[in-house]
Amino acid sequence: MSQSLPVSWSSVEATASQTPVQAEKLSNYDLVLQCQTEHRPEKSAFAELMRRYQSHVDKVLYHLAPDWQDRADLAQEVWIRVYRNVKRLNDPIKFRGWLSRIATNLFYDELRKRKRNSSPLSLDAPLTLADGELDWEIASATPGPEEDLTTREFYDQLNEAIADLPEVFRTTIVLREIEGMAYEEIAELTGVSLGTVKSRIARARHRLQTQLQRYLDGG
Amino acid sequence: MTGYSHPKRSDFTMNPNLDPLNNFMQPSPIDPASPDPKGSFESTNSQRDRFELLSAYLDGEVTATERKQVEEWLVNDATVQKLHARLLMLRQGFRSLPAPQSSQPVEQTVEKVFAKIERRPKLSLVWGGTAIAALLVGAVTMFSPIGRPPVSQVAFKPSQPAVTTPQSSADGDGLLVALDQPVLAIPNEAINSKTPAAIKR
């Protein structure tokens with residue numbers, strides 16, 4: 001008894017003083033756990049969490065809002081929400097999905113604000129026309145010269161094609177393919193029926209696969 | 001697989017003959033012959049439905065019947081096979097798509113986030129402080145009226161000896177008590193004994 005007491009004390013002190021070093025060595029799971037132990041996440045652990053997941057936040061926001069100039073501010077806001085609420089996340093395994101959801105919710109909050117502030121016409125126009133904007137016609141086939149198509153080029157084209165999709169189609173396919181959400185979640189988040197989600201995803205895929213055909217066939 | 005039913009299940013039968021949109025999706029040879037020849041509009045719809053079904057299949061968002069249907073196409077229909085392969089490649093592209101170049105380096109984001117986090121609580125403290133003050137005022141005004149004398153006696157009585165002890169023995173003994181209870185040690189002795197108290201910490 002008398003021996004075990006000082007040992008446990010010293011180990012506690014050791015882990016406490018080494019926390020900043022350890023944050024980088026922790027697995028993603030343990031890092032999230034570490035951020036949940038205190039009332040507010042410990043600074044070095046939280047900074048490490050940001051370093052690991054910032055690119056994911058960037059990716060989600062980039063594809064949801066390719067033409068917004070202030071995505072960096074939005075990303076900061078995402079992290080502030082994460083900081084305040086990470087303790088409420090029940091399963092650290094789901095951190096990535098949870099993070100995506102926070103970023104997405106923030107995007108939609110912001111989108112609503114911007115639509116409210118834009119000209120009154122745009123309140124109706126995009127909504128009623130939204131699902132008609134992307135039709136099923138096939139763009140005239142552009143054969144293009146057979147060239148060495150690098151992966152880089154494919155990614156550039158894919159980025160461009162996603163950015164070119166009308167907003168509702170873009171957000172829906174991004175929620176599905178980049179955030180991995182189920183149709184039901186997407187329907188709930190975007191306030192449309194399951195059938196609409198299904199149709200939007202199919203149409204977005206249809207257009208993308210038509211545009212990127214030469215990259216997608218036979219690798 | 002969420003198991004919801006598709007609203008237009010009856011349209012899934014393919015029309016093998018009329019198809020204006022079949023650059024990429026030729027009518028399947030194994031499609032059951034359509035009972036009545038439909039116009040191009042229905043044909044467009046059925047192509048759309050077939051693609052939609054394939055797309056939903058890819059996401060695992062189909063009913064058991066729909067799944068069976070798609071799997072049958074995948075075995076027998078070269079066009080569907082090709083489309084399926086293409087959509088898988090597209091999905092792969094999405095997943096491996098590198099994150100775009102960030103508009104600001106991550107360390108800068110970290111810095112800005114912490115600056116905001118550390119600034120905001122102060123604001124909330126102001127509001128929180130106001131709320132607490134209001135609560136206190138409320139509590140005082142609620143409990144101060146007459147009906148409380150016994151409670152206040154109980155609360156005051158035990159503290160009285162503690163306050164009186166240092167006063168009653170103001171010399172050498174009083175110093176010990178003052179060390180034990182620094183909060184109450186207002187007399188001069190306590191001020192003189194600052195150094196031992198600091199060492200104790």
Side-chain angles (χ1 to χ4, degrees), chain A residues 40 43 46-47 50-51 54-59 61-63 66 69-73 75-80 83-84 136-138 141 151-152 154-155 158-159 162 173-174 176-178 180 182-184 194-195 197-199 201-206 208-210 212-213 215-219, chain B residues 1-8 20-25 44-45 47-62 82-83 85-118 120-121:
Chain A
R40 290 291 192 218
K43 190 169 177 174
F46 193 74
M50 288 180 67
R51 281 180 209 113
Q54 176 59 33
S55 63
H56 182 66
V57 174
D58 277 341
K59 189 171 168 179
L61 292 179
Y62 173 79
H63 289 298
Q69 299 305 310
D70 54 351
R71 286 196 304 272
D73 296 340
Q76 288 168 29
E77 208 52 45
V78 169
W79 285 112
I80 289 169
Y83 183 85
R84 298 217 172 107
W136 289 79
E137 300 302 325
I138 288 180
T151 322
R152 182 71 249 168
F154 167 59
Y155 287 142
L158 180 55
N159 269 329
I162 297 169
I173 193 76
V174 166
R176 172 62 220 154
E177 292 289 37
I178 292 182
Y183 286 11
E184 210 160 336
L194 275 177
V197 170
K198 186 171 170 176
S199 151
I201 288 176
R203 290 202 210 181
R205 277 193 177 127
H206 182 267
L208 293 175
Q209 66 91 26
T210 308
L212 301 166
Q213 199 168 326
Y215 301 92
L216 299 172
D217 283 339
Chain B
M1 193 163 81
T2 52
Y4 61 88
S5 65
H6 193 281
K8 292 181 280 184
L21 292 181
N22 64 2
N23 293 16
F24 65 97
M25 208 167 176
T44 307
N45 277 346
Q47 288 300 323
R48 183 178 304 183
D49 287 339
R50 185 154 71 158
F51 188 90
E52 210 171 280
L53 198 53
L54 180 63
S55 160
Y57 170 83
L58 213 72
D59 296 326
E61 303 265 2
V62 284
K82 193 173 182 187
L83 257 184
R86 217 184 259 174
L87 290 181
L88 284 178
M89 282 289 287
L90 181 64
R91 161 164 296 178
Q92 186 55 39
F94 263 107
R95 297 207 171 149
S96 54
L97 199 58
Q101 272 205 331
S102 188
S103 46
Q104 72 183 21
V106 68
E107 290 310 323
Q108 202 180 326
T109 310
V110 171
E111 213 171 278
K112 286 188 176 173
V113 164
F114 275 102
K116 281 188 185 173
I117 286 170
E118 280 152 19
R120 285 191 193 179

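Note on naming: letters A, B, ... go to the chains in the order of the sequence lines (proteins, then strands), and numbering restarts at 1 for each one.
Atom-to-atom distance recorded for B:Thr109:OG1 and A:Met50:CE is 5.5 Å, nearest 0.5 angstrom. A distance of 12.0 Å separates CZ in B:Arg86 from CG in A:Leu208, rounded to the nearest 0.5 Å. Remark: B:Gln92 CD to A:Glu177 CD distance equals 10.5 Å, nearest 0.5 Å. Between atom CE of residue B:Met89 and atom CD of residue A:Gln213 there is a gap of 12.5 Å, rounded to the nearest 0.5 Å.
Using a 4.5 Å cut-off on side-chain heavy atoms (C-beta onward), A:Arg152 and B:Pro98 make contact. Considering only heavy atoms from C-beta on, B:Ile117 stays 4.5 Å or farther from A:Trp79 through its side chain. The shortest side-chain heavy-atom distance between B:Lys116 and A:Glu77 falls under the 4.5 Å cut-off. You'll find the side chain of A:Tyr83 stays beyond 4.5 Å of the side chain of B:Val113, heavy atoms only. The closest side-chain heavy-atom distance from B:Glu118 to A:Lys43 is below 4.5 Å. Two residues are said to be in side-chain contact when any heavy atoms from C-beta on lie closer than 4.5 Å; A:Gln209 and B:Phe51 meet this criterion.
Heavy atoms of A:Ile162 lying under 4.5 Å from chain B belong exclusively to its side chain. With a threshold of 4.5 angstrom between heavy atoms, A:His56 does not approach chain B through any atom at all. Neither the backbone nor the side chain of A:Ala75 comes within contact range of chain B; no heavy atom of the residue lies under 4.5 Å from a heavy atom of that chain. With a 4.5 angstrom heavy-atom cutoff, B:Leu58 touches chain A only via side-chain atoms. With a 4.5 Å cut-off on non-hydrogen atoms, A:Leu158 touches chain B through its side chain but not through its backbone. Heavy atoms of A:Arg40 lying under 4.5 Å from chain B are absent altogether. Interface residue B:Leu97: backbone and side-chain heavy atoms are both found under 4.5 Å from chain A.
The salt bridge (Lys or Arg N to Asp or Glu O under 4.0 Å) search around B:Arg95 returns none, not counting sequence neighbours. By the salt bridge (Lys or Arg N to Asp or Glu O under 4.0 Å) test, B:Glu107 is found to be paired with A:Arg51, residues two or more places apart in sequence or in another chain being considered.
Residues A:Arg205 and B:Arg91 approach most closely at NH2-NH2, 3.1 Å, considering heavy atoms. Across all their heavy atoms, B:Ser55 and A:Ala202 have their closest contact at OG-CA, 3.7 Å. Across all their heavy atoms, A:Leu216 and B:Leu90 have their closest contact at CD2-N, 3.6 Å. Contact detail for B:Gly93 and A:Phe154: the closest heavy-atom pair is CA-CE2, 3.8 Å. Between A:Lys198 and B:Ala56, the shortest heavy-atom distance links the atoms CE-CB, 3.8 Å.
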### Query
Can you list the steps and then say if A:Asp217 with B:Lys82 is a side chain to side chain contact (heavy atoms under 4.5 Å, CB included)?
CA-CA 8 Å; A:Asp217 283 339; B:Lys82 193 173 182 187; 3.9 Å; yes
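Between the side chain of A:Gln76 and the backbone N or O of B:Lys112, no donor-acceptor pair lies under 3.5 Å.
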